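Heads up: the structure comes next, in structure tokens.
The structure presented is a predicted model; accordingly, all values stated were derived computationally and were not measured. We name chains A, B, ... by the order of the sequence lines, and we start the count at 1 in each one.
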Amino acid sequence: MTNVELQKHIDNWFTDPGAVKLEFSEEGSQFLNISIHPDYLHELMWSLKHNKETHLDYLFCLTGVDWGKELGVVYHLESTLHRHSLVVRANVEDRENPVLDSVQDIWATANFHEREVYDFFGIKFNNHPNLKRLFLTDDWEGFPLRKDYVDEVNMVVK
Amino acid sequence: MHISLNSSNIIFGWLLNFMPATAVGIIEMVLIALAYLTLFAVLGLYLVLMERKVAAWFQLRIGPNRVGFQGLLQTMADALKLVSKELTGTVKADKFLYNLAPYFVIISSLMALAVFPFTKNLQAFDINIGIFFLIAISSVGVIGILLGGWSSNNKFALIGAMRSGVQTISYELSIGLSLLTMILITGSLQLSEIIEVQKNGWLILQGHIPAIIAFMIYMIAGTAETNRAPFDMAEAESELGAGFHTEYSGMKFAYFFLAEFINMFIIAAIATTVFFGGWLSPFGITESIPWLGIFWFLAKTFVLVFLMMWFRWTFPRLRIDQLLTLEWKYLLPINLVNIVIMAVIVWLNLTIQY
Amino acid sequence: METTIVNNDFKSEEYFINMGPQHPATHGVLRLLLTIDGEIIKKVEPDLGYIHRSIEKMCERDSYQQIVHLTDRMDYLSSHINNEAVCLAVENALQLEIPERVKVIRTIIDELTRIASHTLWWGVMGMDVGALTTYFYGFRDRELINDIFEETCGARLTMNYNIPGGLMYDIHPNFVKRVKSFIAHFKTKLPEYDSLLTGNVIFQKRTKGVGILTKADAISFGASGPVGRGSGYSCDVRKHHPYSALDKVPFNEALQTEGDSFARYLVRIQEMWESMSIIEQLIDNIPEGDYNVPTNAVIKLPKGEFYQRVETARGELGVYIISTGTKNPYRLKFRSPGFSNLSLLNHIAVGGKIGDLVATMATLDLVIPDIDR
């Protein structure tokens, strides 16, 4: 499906797209971008994979981003059947205790990728079976890839 | 003790003139033991060198070529290095067993060396249960491996030791049965008599088809018995680090290492004696020069040693369950059938003799 | 270091063993926490981070030219392809018109890199299943490729030959001749690989039916490269999202459907043949022209997000650049193939023996710096 068709198709899933903050955009990106309210993330993701029309069964990238005010996760999806791609984003404003729903029950690869995001951004994932530090040690303080992370000893900033 | 080489007889006869017979006997034993120890050390070192050269040849390399002419002193230098190395070990190891284990391995292979007839006269210990003695002694070595793996308090070592135990118990059967097949022809367990029988043709020829099958089974089981690739489950570098000797260093490690090579020599020497006529020359071409027997014996043995090295550097390693499948489901039944065939052949006098 | 091992569901016969970080089979500093019952694997839990350098964080303070040099420290066996991924992303963002010559040379070196990486893998694969000789055969042929690289760009492993806009220098005059003679040499040597290892009964017994990954699982776990293709999952980025000169070259995607270790092995062997055919098609027709297009000394990407996918020797590498219009990326994410491939290890290794784990891990072809980044 083309991006326009995808957008039309997905728009129909929610009776009130405004309430779930479903937004589409193609600006500054080669993919169709969908952003969604974190509470509805899992529902949308489940449909994206299991709907026959979208069939986005390959999560090829899962990125944590510190947007300054918000923390977000960007999911890059591809369909191995229809060969169309899609990007889903979900942002959380709470920097102290950011929580998103885990999608590792939908794509198994998310298990490790979410642990990586937790490790570097401190975003917690609900229903993740093994959410603990992946690269860093358990006693590491702070989340290094956040923009406000300071480490006088290990970071060399030019 | 039967070392009836003329020179030694002269020396001991001369000693008897002014010493009691017991003392001469003890001196004789000590001297022979020392001779065998030296042989053992030199043999071990040069087998290591040979393996390295063979490996290099298989692997498009040159191999050791810096220490001494063509690297001939390389393993000597290695041995010196190992002697000078610190003996490390784990803190919680069972110290007594940990230190004991290498000696089990080395002594068992040293004892086995005693019974081989290198020529008609050069044999330290010609007992009438030669083959039986060899089989019994070669199973003692595994106790050392088990002890070493268990006492060093390392899980990798323990896994290696248990694998080795399983493997040796299984393949002991095949070794015993394949040799038993040949003993049906010779009718004797004594190594010197086994060679006497072969004056009418080596046993692998006399026994033709079942003998060849027995030889193949013997070589497979023998390779497994020495824990060498493709049956090096006990070490399995890529799986267990170094297996049972992970925690050993310096000379203690060297004992394990040397014992492996001596065991390989022993397996090949048994095969030479039982299948290929020991020190007998092919078709008796050098029968008039008895001391050439040692040349024929070593030549045949080293060909078989080379065969085992060939296995090692070309085959991948088996998995532990495949190893056991091979023994219990294939080699053992084939072996049992083979014994029956051999018995029939001997009974009907179908052996080939010239 | 981490000492807490969360394994409360131990059964009494099970025990725990540390494979790595210094272990011959983990090819670097990967630590696997194994729960074992006798010889049977019950659970594999990778513990990563022993070689983590936080390349993604370093990228946020570096210019785009500098970032290229960081990438060949990730998957050092496909360094050229890693460099290319970043360069392509930057070039696409700047909408630079890259000369055909650059595209062809990049593709040829990509495929040489792939062959070099696969020969090394083949040697190590043999070593992991206990056949030590393969290692030297693999290295014999890899050495020739490294020599070609050395002549052209001065480096053998971490090449840094790509820059945003093209190549750093033109190819060496000998390049074409030597690549041709290598292809002629390797065509006679690759069948040797088959006769030494592929056809060996023990090797087949060790790998067939071991570590089976179904197609559905491969997609779900994000498997890519030969790991995915061994399960019949067509995931070659070169086919589906062609880059550089790959859209002009016909080639077959190596596919096997069994999904076991042997299938992954065959895919890589087949890929070496395919890579040779790609090189053969291109090597005679390297177009004349510039070897790069000049860029500004300070590259500023327009505001936006850029994603570039390439196929390294291990699978799909993704470079995700979020730019705010400055000279540094706001966020740069590397989607490394090894990371996803490692995550499925537990899934396919459980139930096998220790030897199976080692053989399976060898066919995943993990490069630890690629996972740890």
Side-chain angles (χ1 to χ4, degrees), chain A residues 25 27-31 33 49 55-68 72 74 76 78-81 83 85 87 89 104-113 115-117 119-121 130 132-140 144-147 149 151 154-158, chain C residues 1-4 6 45-52 54 56-58 60-62 92-93 215-224 228 233-235 237 240-241 302-309 316 318-320 322-323 330-335 339-344 346-347 371-373:
Chain A
S25 130
E27 197 190 321
S29 168
Q30 70 241 56
F31 305 110
N33 288 262
K49 175 166 180 189
H55 195 263
L56 292 154
D57 52 355
Y58 177 28
L59 175 72
F60 63 88
C61 193
L62 193 159
T63 316
V65 188
D66 182 359
W67 294 107
V74 183
H76 284 76
E78 192 188 33
S79 168
T80 56
L81 195 67
R83 292 289 165 194
S85 309
V87 177
R89 321 153 166 272
Q104 67 88 29
D105 51 335
I106 307 174
W107 298 280
T109 181
N111 188 324
F112 265 46
H113 280 95
R115 278 178 72 184
E116 188 189 352
V117 171
D119 205 350
F120 292 146
F121 291 93
N130 190 20
K132 54 182 189 188
R133 295 269 193 188
L134 182 63
F135 292 111
L136 302 173
T137 50
D138 281 347
D139 53 358
W140 193 278
L145 255 68
R146 285 191 185 187
K147 293 283 176 188
Y149 178 78
D151 185 337
N154 295 318
M155 268 169 69
V156 185
V157 181
K158 283 185 283 190
Chain C
M1 271 324 286
E2 181 190 18
T3 46
T4 48
V6 188
E45 207 191 331
D47 178 21
L48 306 172
Y50 285 88
I51 194 171
H52 196 279
S54 209
E56 287 172 13
K57 184 83 174 175
M58 285 156 79
E60 289 176 16
R61 56 140 222 238
D62 286 348
N92 288 347
K215 185 177 174 184
D217 282 339
I219 298 172
S220 174
F221 275 102
S224 55
Y233 160 37
S234 163
C235 57
V237 180
H240 299 297
H241 306 276
K303 193 170 181 300
E305 299 183 0
F306 310 98
Y307 198 96
Q308 179 64 45
R309 305 164 75 172
E316 174 180 341
V319 178
Y320 178 37
I322 302 176
S323 167
Y330 182 75
R331 167 91 169 98
L332 198 151
K333 157 91 180 174
F334 293 109
R335 184 264 187 222
F339 187 66
S340 298
N341 289 352
L342 174 69
S343 71
L344 53 83
N346 181 53
H347 182 71
I371 297 164
D372 275 0
R373 297 192 297 293

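Q104(A) does not touch chain C: none of its heavy atoms, backbone or side chain, sits under 4.5 Å away. Using a 4.5 Å cut-off between heavy atoms, D139(A) does not touch chain C at all. Using a 4.5 Å cut-off between heavy atoms, F221(C) contacts chain A through both its backbone and its side chain. Residue contact with chain C, scored on non-hydrogen atoms closer than 4.5 Å, is absent for N111(A). Of the two parts of H241(C), only the side chain, counted from C-beta on, holds a non-hydrogen atom closer than 4.5 Å to a non-hydrogen atom of chain A. Interface residue I322(C): only side-chain heavy atoms are found under 4.5 Å from chain A. With a threshold of 4.5 angstrom between heavy atoms, S54(C) approaches chain A through side-chain atoms but not through N, CA, C or O. Residue V87(A) does not touch chain C at all, counting heavy-atom pairs closer than 4.5 Å. Contact annotation for Y330(C): both backbone and side-chain heavy atoms come within less than 4.5 Å of a heavy atom of chain A.
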*Tell me, with the steps shown, if Y58(A) and S224(C) meet side-chain contact (heavy atoms from CB on, under 4.5 Å).*
CA-CA 10 Å; Y58(A) 177 28; S224(C) 55; 4.1 Å; yes
*Step by step, would you call R331(C) with L145(A) a side-chain contact (heavy atoms from CB on, under 4.5 Å)?*
CA-CA 9 Å; R331(C) 167 91 169 98; L145(A) 255 68; 3.5 Å; yes
*asked:* Checking L134(A) against F339(C) for the side-chain contact (heavy atoms from CB on, under 4.5 Å) test, could you report, in this order, the C-alpha distance in whole Å, the side-chain angles of both residues, the deciding distance, and whether it holds?
replied: CA-CA 11 Å; L134(A) 182 63; F339(C) 187 66; 3.6 Å; yes
*Check the pair K333(C), H76(A) against side-chain contact (heavy atoms from CB on, under 4.5 Å), reporting the backbone distance first and the verdict last.*
CA-CA 12 Å; K333(C) 157 91 180 174; H76(A) 284 76; over 6 Å; no
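N92(C) meets the side-chain contact (heavy atoms from CB on, under 4.5 Å) test with Q308(C); sequence neighbours excluded. Applying the side chain to side chain donor-acceptor pair (under 3.5 Å) test to D119(A) and every residue at least two apart in sequence or in another chain returns R133(A).
Residue-environment remark: NZ (K303(C)) stays at or below the threshold of 12 foreign heavy atoms within 6.0 Å.
The residue among Y307(C), Y320(C), Y233(C) with the most heavy atom pairs within less than 4.5 Å of chain A is Y307(C). Across G222(C), G304(C), S220(C), the residue that shares the most heavy-atom pairs under 4.5 angstrom with chain A is S220(C). Between chain C and the options N33(A), I106(A), V74(A), heavy-atom pairs under 4.5 Å are most frequent for V74(A). For chain A, the option among M58(C), H347(C), E60(C) with the highest count of heavy-atom pairs below 4.5 Å is E60(C).
For the pair R83(A) and S234(C), the tightest heavy-atom approach, listed with the atom from each and the gap, is NH2-O, 2.8 Å. In this structure, F60(A) and R335(C) approach most closely via the heavy-atom pair O-NE, 2.5 Å.
The CG atom of L136(A) sits 11.0 Å away from atom CG of L48(C), with the distance rounded to the nearest 0.5 Å. Between the CD1 atom of I371(C) and the CD atom of E116(A) there is a distance of 11.5 Å, given to the nearest 0.5 Å. Distance check: E316(C) CD to C61(A) SG gives 8.5 Å after rounding to the nearest 0.5 Å. Separating the CD atom in E305(C) from the OG1 atom in T63(A) is a distance of 9.0 Å, to the nearest 0.5 Å. Distance check, rounded to the nearest 0.5 Å: CZ of R373(C) to CZ of F135(A) gives 5.0 Å. The structure places OG1 of T109(A) at 12.0 Å from CG of D217(C), a figure rounded to the nearest 0.5 Å.
For the pair K57(C) and F120(A), the minimum side-chain heavy-atom distance is 4.5 Å or more.
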